[in-house]
Every structure is written in structure tokens, then in C-alpha cells.
A.B. asks: 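First, the structure itself, so that you have it in front of you.
So you know, we letter chains A, B, ... as the sequences are listed, proteins then strands, and number each from 1.
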Number of protein chains: 2
Amino acid sequence: MTSLDWNPYARNCPTRELLNRIGDRWTVLIIGTLNDGPRRFNEIARAVEGISQKMLTQTLRALERDGLVTRTIYAQIPPKVEYALTDLGVSLREPLKELELWATTHMEQVLAARLRADQAPEQEQ
Amino acid sequence: MTSLDWNPYARNCPTRELLNRIGDRWTVLIIGTLNDGPRRFNEIARAVEGISQKMLTQTLRALERDGLVTRTIYAQIPPKVEYALTDLGVSLREPLKELELWATTHMEQVLAARLRADQAPEQEQ
DNA sequence: CAGTATCCCCAGCGATACTG
DNA sequence: CAGTATCGCTGGGGATACTG
């Protein structure tokens with residue numbers, strides 16, 4: 001017990017790296033749209049409300065780089081590019097689904113707690 | 001099918017709100033340290049490597065506001081303040097654990113894919 | 001010990017314009 | 001259609017100093 005044991009909250013632990021990877025505004029959402037099969041660039045853009053072209057490109061490139069998504073170019077005019085989850089990407093969907101499930105079943109409680117906290121008179125005893 | 005159906009990737013969907021909530025640099029890590037029971041402020045600070053005092057306070061306040069964490073002050077000198085997960089917070093641990101499990105079992109593949117992508121000669125045909 | 005209060009920087013992101 | 005390039009802002013967050 002010299003506390004040299006692995007600290008899961010240390011810098012560079014896998015969890016932290018994953019968080020760096022998916023903890024941005026768009027990654028999880030984009031992965032979600034690819035759940036039901038390959039999608040074209042603009043299909044994803046339409047599905048993920050509010051995303052800019054720049055961020056969609058950037059995030060897709062990062063996902064491709066990390067082996068979570070494939071990019072397939074069809075040589076035709078106008079261009080057609082399809083994005084699809086790799087097996088690795090599909091495997092990541094599982095925990096993400098759990099998270100979405102939690103969100104749909106519990107976020108209301110979170111929001112309610114937030115309202116209560118905001119309305120509570122400043123308790124200065 | 002007027003596409004007024006609920007779009008899970010739209011603004012203000014629960015998933016998106018959860019992502020806003022936990023998709024920052026510290027929240028998930030802090031919740032993780034509270035997994036095994038209540039912790040004092042500086043205990044958390046030590047466990048979560050690299051966090052600043054400001055961000056720890058700020059994140060804990062947000063967690064408390066959202067009903068995920070309780071804050072208990074013991075009237076003594078020097079001060080002792082303990083943070084603990086609420087039932088709601090504990091329930092969130094479940095999906096987060098799945099995520100951590102994925103991280104420990106798959107992040108190596110992600111990192112390997114990244115290296116491969118970076119070393120690959122620019123394929124310009 | 002457990003915080004507040006300030007200052008300040010930079011990277012994440014949006015907006016816009018252009019292209020094969 | 002599916003991008004690239006550039007500009008510019010803003011707010012997330014670090015560093016530091018101070019306090020009950």
C-alpha cells in the first residue's frame with residue numbers, strides 16, 4: 001500500500017484519455033447518428049442540430065484517425081462520402097447507450113434539483 | 001413522418017443536456033473519486049491529479065446544485081467538509097463505470113490506430 | 001482546511017468565404 | 001456535395017493571492 005497503485009484519476013489513465021476524446025461538444029452526438037448505419041456528410045450535418053461544417057469535418061477526421069469511423073469516398077459527381085462506425089466504434093456505442101438511457105430517465109430529476117437549488121432562499125444561518 | 005418526431009441529437013434533448021453537464025474536464029473524475037464513500041475537499045483534490053482549487057470548488061458546486069452530490073459541513077476547527085454522492089449520483093455511476101470499462105479495454109486500440117494514422121504516408125494518388 | 005476573488009490567456013468553436 | 005481556409009470572439013480554466 002505504498003500508494004504507487006494505479007490511480008484511475010491520474011493524468012494519462014485510459015479513462016482520462018477517453019474523456020479527452022469524447023468529452024467535447026460533438027463527438028458523442030456524431031457517433032450516435034452513425035448507429036443505424038453509414039451516413040453521408042450532409043446527412044450527419046442535418047441530424048446533429050447546430051453543428052457547423054467546420055466542426056463536423058474536424059470531428060469526423062479525429063474519429064477516423066482514432067479508428068472509430070471509416071470514411072468511404074465514392075468517385076462520382078457530385079461527390080458522395082459515407083461515414084460508418086468501425087467495430088471499435090460500434091463497441092463504444094454500448095456504454096454510450098447506457099449513458100443516453102440514464103439521460104432520458106434521470107435528467108428530469110437533475111433539472112428539477114437545479115431549479116430547487118436556484119429558487120432556494122440563500123440559507124444564511 | 002413529418003419529422004416532428006423526437007430527434008435525439010437536437011438541441012435540448014436529455015442526452016445533450018447530460019453531455020453539457022458531464023462533458024467537461026473534471027466532473028466525471030470527481031464523481032469517480034466519490035464512488036467508495038464520502039471524501040473531503042482536499043482528498044478529492046489530491047485524487048484528481050492536476051485539478052485546480054478553483055475548478056474543484058466550481059465543479060462540486062455544480063454537482064450539488066444538480067442534486068448529484070451532497071455537501072456536509074462539520075462545525076469544527078479546522079473546517080471539515082465532506083462530499084458524497086446522492087442516490088441520483090450513485091445511479092449515474094453505473095453508466096460511467098461502463099465507460100471506464102470500455103476505456104481500460106479499448107483505449108489502447110484507439111491510441112494504436114492514431115499512431116498508425118499519423119505515421120501513414122500521405123496517400124496522394 | 002476549505003474555500004473566494006482576480007487577472008489573464010488561449011484553444012475551441014462559430015461565421016464567412018471560397019473550391020474541386 | 002463535401003469539403004478547405006481564415007478571422008475573430010468568448011468563456012473555460014489555470015495561476016496567484018487572500019480569508020474565516
A.B. asks: Strictly distance-based, threshold 3.5 Å: is any side-chain N or O of A:Thr105 a donor or acceptor partner for the main-chain N or O of A:Trp102?
C.D. replies: yes
A.B. asks: Calculate the interatomic distance between A:Asp24 atom CG and C:dG14 atom P; express it in whole Å.
C.D. replies: 10 Å
A.B. asks: Could A:Glu100 and A:Lys97 be called an ion pair, given the rule that one side-chain N must be under 4.0 Å from one carboxylate O?
C.D. replies: no
A.B. asks: Test A:Tyr83 against every option in A:Arg71, A:Arg39, A:Glu43 by the side-chain hydrogen bond (donor to acceptor under 3.5 Å, both in side chains) rule and name the one that passes.
C.D. replies: A:Arg71
A.B. asks: Can you tell me the distance, in whole Å, between the CD atom of B:Glu82 and the P atom of C:dG3?
C.D. replies: 12 Å
A.B. asks: In whole Å, I'd like the distance from the CE atom of B:Met55 to the P atom of C:dT4.
C.D. replies: 13 Å
A.B. asks: Identify the heavy atoms of B:Tyr9 and A:Ala47 that sit nearest to each other, and give their distance.
C.D. replies: CB-O, 3.5 Å
A.B. asks: Let me have a per-nucleotide readout for nucleotides 15-20 of chain D, 5' to 3', with B, S or -, counting only protein heavy atoms under 4.0 Å.
C.D. replies: B-B--B
A.B. asks: Between B:Thr86 (side chain only) and B:Gly67 (backbone N and O only), is there a donor and an acceptor less than 3.5 Å apart?
C.D. replies: yes
A.B. asks: Check the distance between D:dC1's P and A:Lys80's NZ and give it to me in whole angstrom.
C.D. replies: 13 Å
A.B. asks: Do A:Leu99 and A:Val28 have side chains that approach each other closer than 4.5 Å (heavy atoms only, starting at C-beta)?
C.D. replies: no
A.B. asks: Could you check how far CG of A:Asn20 sits from C1' of C:dG12, rounded to whole Å?
C.D. replies: 14 Å
A.B. asks: For A:Trp26 and C:dC13, give me the distance from atom CH2 to atom C1', rounded to whole Å.
C.D. replies: 9 Å
A.B. asks: For the pair made of CZ in B:Arg46 and C1' in C:dG3, what is the distance, rounded to whole Å?
C.D. replies: 15 Å
A.B. asks: Could you tell me whether the side chain of A:Leu88 reaches within less than 4.5 Å of the side chain of B:His106, counting heavy atoms only?
C.D. replies: yes
A.B. asks: Just wondering, more than 12 heavy atoms not from B:Glu108 lying within 6.0 Å of its CD?
C.D. replies: no
A.B. asks: Less than 4.0 angstrom between a side-chain N/O of B:Arg40 and OP1 or OP2 of C:dC1, yes or no?
C.D. replies: no
A.B. asks: Below 4.0 angstrom, which residues in residues 57-75 of chain A have at least one non-hydrogen atom near DNA chain C?
C.D. replies: none
A.B. asks: Separation of A:Asn42 atom CG from D:dG3 atom P, in whole Å?
C.D. replies: 9 Å
A.B. asks: At less than 4.0 Å, is any side-chain N or O atom of B:Tyr83 found next to OP1 or OP2 of C:dG3? Yes or no.
C.D. replies: yes
A.B. asks: Considering Watson-Crick and G-U wobble pairs with both distances under 3.5 Å, what does D:dG8 pair with?
C.D. replies: C:dC13
A.B. asks: Ignoring backbone atoms, test whether B:Arg25 places a side-chain nitrogen or oxygen under 4.0 Å from the OP1 or OP2 oxygen of D:dG13.
C.D. replies: no
A.B. asks: Kindly say whether A:Leu101 contributes a backbone atom to a donor-acceptor pair with the side chain of A:Thr104 at under 3.5 angstrom?
C.D. replies: yes
